[in-house]
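Throughout, protein chains are lettered first and strands after them, A, B, ... in sequence-line order, and every chain is numbered starting at 1. Small disclaimer: the values here were computed from a predicted structure and weren't measured.
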Number of protein chains: 2
Amino acid sequence: MRRPTLEAVAARAGVSRATASRVVNGQTTVAPHIRDAVLRAIDELGYVPNSAARSLVTQRTDSIALVISEPGTRVFSDDPWFAMAIRSASMELEEANKQVVLMMASNAKSHARVERYIAGGHVDGVMLISMHGADPLPAALSRLRVPVVSYGRPAVPVDIPYVDNDNVGGAEAGVKHLVESGRRRIATIAGPQDMIAGQDRLTGYRNVLRDSDLRSIVAVGDFTRESGAVAMRQLLGDDPSLDAVFVANDLMAIGALQSLRQAGRRVPDDVAVVGFDDIEAAKYTEPPLTTLRHPVIEQAAAMVRLLLGLFEGEPADPMILPTELVIRESA
Amino acid sequence: MRRPTLEAVAARAGVSRATASRVVNGQTTVAPHIRDAVLRAIDELGYVPNSAARSLVTQRTDSIALVISEPGTRVFSDDPWFAMAIRSASMELEEANKQVVLMMASNAKSHARVERYIAGGHVDGVMLISMHGADPLPAALSRLRVPVVSYGRPAVPVDIPYVDNDNVGGAEAGVKHLVESGRRRIATIAGPQDMIAGQDRLTGYRNVLRDSDLRSIVAVGDFTRESGAVAMRQLLGDDPSLDAVFVANDLMAIGALQSLRQAGRRVPDDVAVVGFDDIEAAKYTEPPLTTLRHPVIEQAAAMVRLLLGLFEGEPADPMILPTELVIRESA
DNA sequence: ATTGGATGAGAGAGCGCTCTCTCAAGAGAT
DNA sequence: ATCTCTTGAGAGAGCGCTCTCTCATCCAAT
């Protein structure tokens, strides 16, 4: 009752194992009638190649690790971002007939696990999703001589090609929009400063304010709704006269909207709000959120292509994808 | 420059390959000093076992397929649900030293792919996330003689153990809450009726209304915000005097809140709203949403334990986890 | 001193596949 | 008719590991 082997197929088709293998692997040097006989045998026996045996000899596994290097709690908390990236990357990889092995690297223990696994040659390549500056994983993986690409620019300069969106440029566009609509006291709720996206979006904010010599007012959150609400209350306390806030992601912007509502401020009349990410929920806030859209789906797909290109020996240059200001009612 | 093999380790430690294998696999029949010598060799060479070779002989792969059988667009759209389930299951499996192979079965083509892959013996077991009644995959997989567990009760009665939450009971509790707070015209926005969760939650609603002889008013959505908004407008048109609505999930409830706001109805004064799922966003709506919490994380973890139990030959009984009414301001 | 277990370690088969090497057969050129 | 060249198919090694079988060694019991 075990699964049929290539040997069995060959026997049934009356050919050698080598010939059966040729047919399975689509080589053209097989005469049509023999080819048909083998295919019939495969069909009749329900033969499926044993991948362990195959990858033992080919040294390929046709699978790719998708490593998510974040504290587990944050990963999927509520930010649709990760999920979309995973879905997109995963579908793109399936298209290329690669298996996706999902790995969470949430702490030192799992980091070690991941490294061991990758070092063990279980996968042909690695897609790394890591947004933390202090993350040792990008450096560790780049030492492993396995093709690695990263979603998001690695904080430490390390020789890994990556795909990222233009956080600085996006933030600049958002803040400029506020300046141009006449706002004078523009605060920001920045993201965590140990994350590249958090840093870059703050940089964008600062760039614009510097040029227009407005004063910067900064509170820092951690990309969760709750932290956005807290930061907004703090900003209102610091400077009750603020008339706009650029929030480093939509989730925090949603929290900020709640605090503004509780403080009796009308949006956008009293305070304009601009978010970042354009998550689905941004359309359903009260009022709907003006925000910066970046193409997560395309970005993940681009990352996959980058990795597949690496296999082909193509040069791997980082890609920066543009963001787009989506104007709704909040600013 | 290839990876060291067990042979190399054995040679360096001055023992046979068999003994080295014993040490690697933690067998106790090895004398301590020999054991140490082997471990030292492993360390010095940076030896990592080749999993292809290992699973070729052991017939185990130590990996589990996590199959998501949904149209791709819906999967991660914005519902945090899938993502949480994946994260939880994935972490639980890593704990048990199993690899997670993520597979999207979004159409007929990928269904075939998944079946082939599973049939190919690439994985030791399957965790299936499928919420669609018409899905042929549960039946197909159960034929494959591979241990399979399902997240959510399979629509077709098929011999697969599953973990689900008490959708009927939860809906009953939600609607009862509305009845008990004096609401008389209680509508519902049901989920898609080709999904078990959609059906069961509607059943719960009907059960309660039947007992309290109130009239049922039903609109059907597809679990997205947008469909919730549309359904709510429709309900208001059908019966302008409705004073409560039980919505089959929070995402649709958010859409419904938006429509109610646009129609000038106050929540909960004019219309009470109860959702289902208790997603994070439910806390941040205006007003915060009364809803039914079900423990996605625990549910996914339970599913993993169910599967691991199957490997040990334990009996696999379906599990139904209870839901909890979370009362906030919307009802 | 002889026997009889334990105990620890090695030899070697074999998991299912790919791929190189070899060779047979037929086609075309001389 | 002979030789070369192409084409198609088989033989067999070997990928890295596990695991059974076998055997050597040591110690206690006779």
Side-chain angles (χ1 to χ4, degrees), chain A residues 1-42 45-63 97 116-117 119-124, chain B residues 1-42 45-63 99 116-117 119-124:
Chain A
M1 193 49 224
R2 43 185 336 119
R3 294 167 42 210
T5 68
L6 194 58
E7 191 78 54
V9 171
R12 183 173 193 111
V15 300
S16 74
R17 197 173 60 246
T19 302
S21 174
R22 287 190 186 98
V23 173
V24 170
N25 293 291
Q27 289 188 22
T28 49
T29 63
V30 180
H33 69 281
I34 297 222
R35 194 187 141 76
D36 288 346
V38 172
L39 289 176
R40 203 169 329 112
I42 286 175
L45 295 173
Y47 170 76
V48 185
N50 178 318
S51 60
R54 177 178 275 173
S55 70
L56 181 59
V57 37
T58 59
Q59 310 280 15
R60 281 183 301 100
T61 63
D62 282 334
S63 52
N97 267 309
R116 211 173 334 113
Y117 189 75
H122 297 70
V123 292
D124 297 343
Chain B
M1 194 49 225
R2 44 185 335 119
R3 295 167 43 209
T5 69
L6 193 57
E7 190 78 55
V9 171
R12 183 173 191 110
V15 301
S16 74
R17 197 173 60 247
T19 302
S21 175
R22 288 189 186 97
V23 173
V24 170
N25 293 291
Q27 290 187 23
T28 49
T29 63
V30 179
H33 69 281
I34 296 219
R35 193 186 141 75
D36 288 347
V38 173
L39 289 176
R40 202 168 331 113
I42 286 175
L45 293 173
Y47 170 76
V48 185
N50 178 319
S51 59
R54 176 178 276 173
S55 70
L56 181 58
V57 38
T58 59
Q59 309 279 14
R60 281 184 301 101
T61 63
D62 283 334
S63 51
Q99 272 352 286
R116 210 171 336 112
Y117 189 75
H122 297 70
V123 293
D124 297 342

Participant: Give the rounded distance in Å between these two atoms: NE2 of His33(A) and P of dT7(D).
Facilitator: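 From His33(A) NE2 to dT7(D) P: 17 Å.
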Participant: I need the CG-P distance between Leu56(B) and dC15(D), as an integer number of Å.
Facilitator: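 The distance from CG of Leu56(B) to P of dC15(D) comes to 13 Å, rounded to the nearest Å.
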Participant: In whole angstroms, how far is the C1' atom of dC15(C) from the CZ atom of Arg54(A)?
Facilitator: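 Taking atom C1' of dC15(C) as the reference, CZ of Arg54(A) is at 16 Å.
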Participant: Looking only at side-chain N and O atoms, does Ser16(A) come under 4.0 Å of OP1 or OP2 in dG10(D)?
Facilitator: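 Ser16(A) to dG10(D) OP1/OP2: side-chain N or O found under 4.0 Å.
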Participant: Is Asn50(A) close enough to dC15(C) that one of its side-chain N or O atoms is under 4.0 Å from OP1 or OP2 there?
Facilitator: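 No, because none of the side-chain N or O atoms of Asn50(A) sits under 4.0 Å from OP1 or OP2 of dC15(C).
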Participant: Starting from the 5' end of DNA chain C, give me the residue, Val57(B) or Asn25(A), whose nearest nucleotide shows up first.
Facilitator: Val57(B)
Participant: Let me know which of Leu39(B), Val48(B), Ile42(B) forms a side-chain contact (heavy atoms from CB on, under 4.5 Å) with Val24(B).
Facilitator: Ile42(B)
Participant: Taking atom types as modelled, is there a side-chain donor on Thr58(B) or Ser55(B) under 3.5 Å from an acceptor on the other?
Facilitator: no
Participant: So, does Ser21(A) get its side chain near the phosphate of dT18(C), meaning an N or O under 4.0 Å from OP1 or OP2?
Facilitator: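 Answer is yes, contact under 4.0 Å.
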Participant: Hey, could you give me the CZ/CG distance between Arg3(B) and Leu45(B), rounded to the nearest 0.5 Å?
Facilitator: 12.5 Å
Participant: Which whole-number value in Å describes the distance from Arg60(B) CZ to dC17(D) C1'?
Facilitator: 12 Å
Participant: Tell me the interatomic distance from Arg17(A), atom CZ, to dG14(D), atom P, rounded to whole angstroms.
Facilitator: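 Atom-to-atom, Arg17(A) to dG14(D), this comes out as 14 Å.
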Participant: Can you identify which nucleotide, out of dG16(D), dG16(C), dA9(D), has its nearest atom closest to the Ala53(A) side chain?
Facilitator: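 Between dG16(D), dG16(C), dA9(D), the one nearest the side chain of Ala53(A) would be dG16(C).
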Participant: For the pair made of NE2 in His122(B) and P in dC15(C), what is the distance, rounded to whole Å?
Facilitator: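 Interatomic distance, NE2 of His122(B) to P of dC15(C): 19 Å.
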Participant: Using 0.5 Å steps for rounding, measure from the CZ atom of Arg22(B) to the CZ atom of Arg35(B).
Facilitator: 13.0 Å
Participant: May I ask you to say what Ala31(A) touches in the nucleic acid, namely base, sugar-phosphate or nothing, with a heavy-atom cut-off under 4.0 Å?
Facilitator: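 The residue Ala31(A) makes sugar-phosphate contact but no base contact.
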Participant: Kindly point out which of dA9(D), dA9(C), dC17(D) is positioned nearest to the side chain of Thr19(A)?
Facilitator: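 Among dA9(D), dA9(C), dC17(D), the one nearest the side chain of Thr19(A) is dA9(D).
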Participant: Assign Val30(B) to base, sugar-phosphate, or nothing according to its heavy-atom contacts below 4.0 angstrom with the strands shown.
Facilitator: sugar-phosphate
Participant: For the atom pair OG1 (Thr61(B)) and CG (Asp124(B)), what is the distance rounded to the nearest 0.5 Å?
Facilitator: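 Answer for the OG1-CG pair, Thr61(B) versus Asp124(B), is 3.5 Å.
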Participant: If I take atom CD in residue Glu7(B) and atom P in nucleotide dG14(D), what distance separates them, rounded to the nearest angstrom?
Facilitator: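 Atom CD in Glu7(B) sits about 13 Å away from atom P in dG14(D).
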Participant: Counting distance alone, no hydrogens or angles: does the base of dG10(D) have a donor or acceptor under 3.5 Å from a partner atom on the side chain of Arg22(A)?
Facilitator: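 Yes.
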Participant: Whole-Å distance between dG16(D) C1' and Gln59(A) CD?
Facilitator: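 Value for this atom pair: 9 Å.
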